[in-house]
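Here is the structure we will look at, set down as structure tokens.
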Amino acid sequence: MTFKASVLTLYPDMFPGHLGQALAGRALERGDWSLDAVQIRDFALDKHRSVDDTPSGGGAGMVLKPDVLARAIDSIADDGRPRLLMSPRGRPLTQKRVRELAEGEGVVIVCGRFEGIDQRVIEARHLEEVSIGDYILSGGEPAALILLDAVVRILPGVMGNQLSGVHESFEGGLLEHPHYTRPQVFEGREIPAVLTSGNHAVIEAWRHDEALKLTAERRPDLLPKAKAGK
Ligand code: SAH
């Protein structure tokens with residue numbers, strides 16, 4: 001099954017961007033997922049093909065016009081895929097939401113620009129606002145690429161070693177334990193002896209312990225959820 005991503009943007013050349021490289025790029029070539037970047041400006045009907053206008057009520061910047069964006073959205077067949085709007089006002093993206101999206105048939109993603117987009121099209125086209133963090137980007141395109149990166153890497157068959165998806169930070173509710181590889185001694189620092197002991201039960205216990213310590217130190221907010229096994 002091909003996971004279908006359609007992206008509405010004023011900068012279609014930003015796609016597939018880094019997702020044309022490495023594992024995601026090979027998966028795109030194989031057809032494990034598809035990407036269609038739609039130019040919003042193609043749906044502007046006036047002779048200047050304008051996509052934005054001044055904010056009602058005044059203030060700085062410009063606002064993406066609802067009629068133009070609605071036409072762009074309507075050009076994509078409504079096949080039940082979730083329609084997302086990248087937006088700093090959205091619900092913060094989590095690994096849980098990423099997993100849900102990866103289990104579906106695809107996504108339609110609207111990339112905002114300027115001050116944002118007209119509220120009425122958000123409501124009329126039922127756009128789900130998604131944020132990638134508490135900071136402001138100049139446009140939704142890098143945010144869309146980040147969301148798609150997180151989704152594509154867990155699609156069936158995309159990641160070489162499927163198991164490596166299960167132990168990541170957040171998947172078990174905790175941050176991940178530290179990693180080591182050879183050489184045995186690096187600038188006087190040794191690999192923790194337990195990791196070269198060959199005792200897998202002890203190694204698992206050590207890793208869990210390290211993950212707990214790290215999470216308590218850096219992200220104590222994650223601990224209650226991790227304890228509940230969620
Ligand atoms: N005036 C808006 C910010 C506009 S930034 C506000 O204060 O909420 C321009 C566009 O960049 C947005 O429409 C959105 O699509 C994208 N964007 C900026 N920051 C983002 C973030 N943290 N997460 C997702 N998209 C973001």
Side-chain angles (χ1 to χ4, degrees), residues 3-20 24 33 35-44 48-76 78 81-102 104 106-154 168-170 175 218-219 221-222:
F3 180 92
K4 271 178 70 180
S6 301
V7 179
L8 288 91
T9 169
L10 288 169
Y11 298 95
D13 290 349
M14 289 190 184
F15 297 88
H18 79 281
L19 297 178
W33 69 293
L35 178 62
D36 170 30
V38 176
Q39 170 58 273
I40 295 170
R41 197 175 295 278
D42 289 347
F43 298 88
H48 300 293
R49 299 213 301 159
S50 47
V51 294
D52 57 337
D53 207 336
T54 53
S56 307
M62 299 295 273
V63 177
L64 236 153
K65 289 161 66 64
D67 49 335
V68 176
L69 187 54
R71 273 195 295 274
I73 292 170
D74 294 345
S75 77
I76 295 169
D78 183 3
R81 282 179 289 164
R83 290 167 168 171
L84 314 180
L85 167 65
M86 303 319 297
S87 158
R89 302 188 320 184
R91 186 173 304 156
L93 185 63
T94 60
Q95 189 63 20
K96 177 166 176 277
R97 186 71 184 116
V98 165
R99 231 181 296 124
E100 285 167 8
L101 291 172
V107 280
V108 176
I109 306 179
V110 177
C111 300
R113 278 272 155 183
F114 320 117
E115 279 311 307
I117 78 177
D118 188 299
Q119 180 63 28
R120 292 167 297 175
V121 71
I122 301 177
E123 293 165 11
R125 292 299 179 273
H126 307 288
L127 303 181
E128 170 190 341
E129 295 185 60
V130 178
S131 167
I132 62 157
D134 292 344
Y135 41 80
I136 305 293
L137 304 170
S138 47
E141 290 79 7
L145 286 167
I146 283 169
L147 182 144
L148 286 173
D149 182 311
V151 169
V152 166
R153 66 184 284 284
I154 60 169
E168 310 286 358
S169 291
F170 308 118
L175 301 181
R218 298 185 183 175
R219 293 293 303 277
D221 57 300
L222 295 176

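Along the sequence shown, the residues carry numbers beginning at 1. All ligand and atom numbering here is 1-based and tracks the order in the structure.
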Atoms of ligand 1, numbered as shown, that sit under 4.0 Å from any heavy atom of [X]:
X    : result
F114 : 4 (C), 5 (S), 9 (C)
L137 : 5 (S), 9 (C), 11 (O), 18 (C), 19 (N)
G140 : 11 (O), 15 (O), 16 (C)
A143 : 24 (C), 25 (N)
G139 : 10 (C), 11 (O), 16 (C)
I132 : 23 (N), 24 (C)

* Mind checking whether V130 contacts ligand 1 via backbone (N, CA, C, O), side chain (CB onward), both or neither, at a 4.0 Å heavy-atom cut-off? => backbone
* Can you find an N or O of E115 that's nearer than 3.5 Å to an N or O of ligand 1? -> yes
* Backbone or side chain, does any N or O of S87 fall under 3.5 Å from an N or O of ligand 1? -> yes
Are any non-hydrogen side-chain atoms of [X] and [Y] less than 4.5 angstrom apart?
X    : Y    : result
V121 : L64  : no
M14  : C111 : no
T9   : Q39  : no
D74  : F43  : no

What protein heavy atom sits nearest [atom], and how far away is it?
atom                    : answer
atom 26 (C) of ligand 1 : P88 CD, 3.6 Å
atom 13 (O) of ligand 1 : G112 CA, 3.4 Å
atom 14 (C) of ligand 1 : M86 O, 3.1 Å
atom 7 (O) of ligand 1  : I136 CD1, 4.3 Å

* Can you tell which of I73, I76, V107 makes a side chain to side chain contact (heavy atoms under 4.5 Å, CB included) with R83? -> I73
* To do: Could you check I109, L19, V7 and say which one makes a side chain to side chain contact (heavy atoms under 4.5 Å, CB included) with L145?
  => L19
* **Gap between atom CZ of R89 and atom CD of Q119 - 0.5 Å precision** => 5.0 Å
* To do: May I have the step-by-step check of salt bridge (Lys or Arg N to Asp or Glu O under 4.0 Å) for R71 and D42, ending in yes or no?
  => CA-CA 9 Å; R71 273 195 295 274; D42 289 347; over 6 Å; no
* Asked: Does D52 offer a backbone N or O that forms a donor-acceptor pair with the side chain of S50 under 3.5 Å?
  -> no
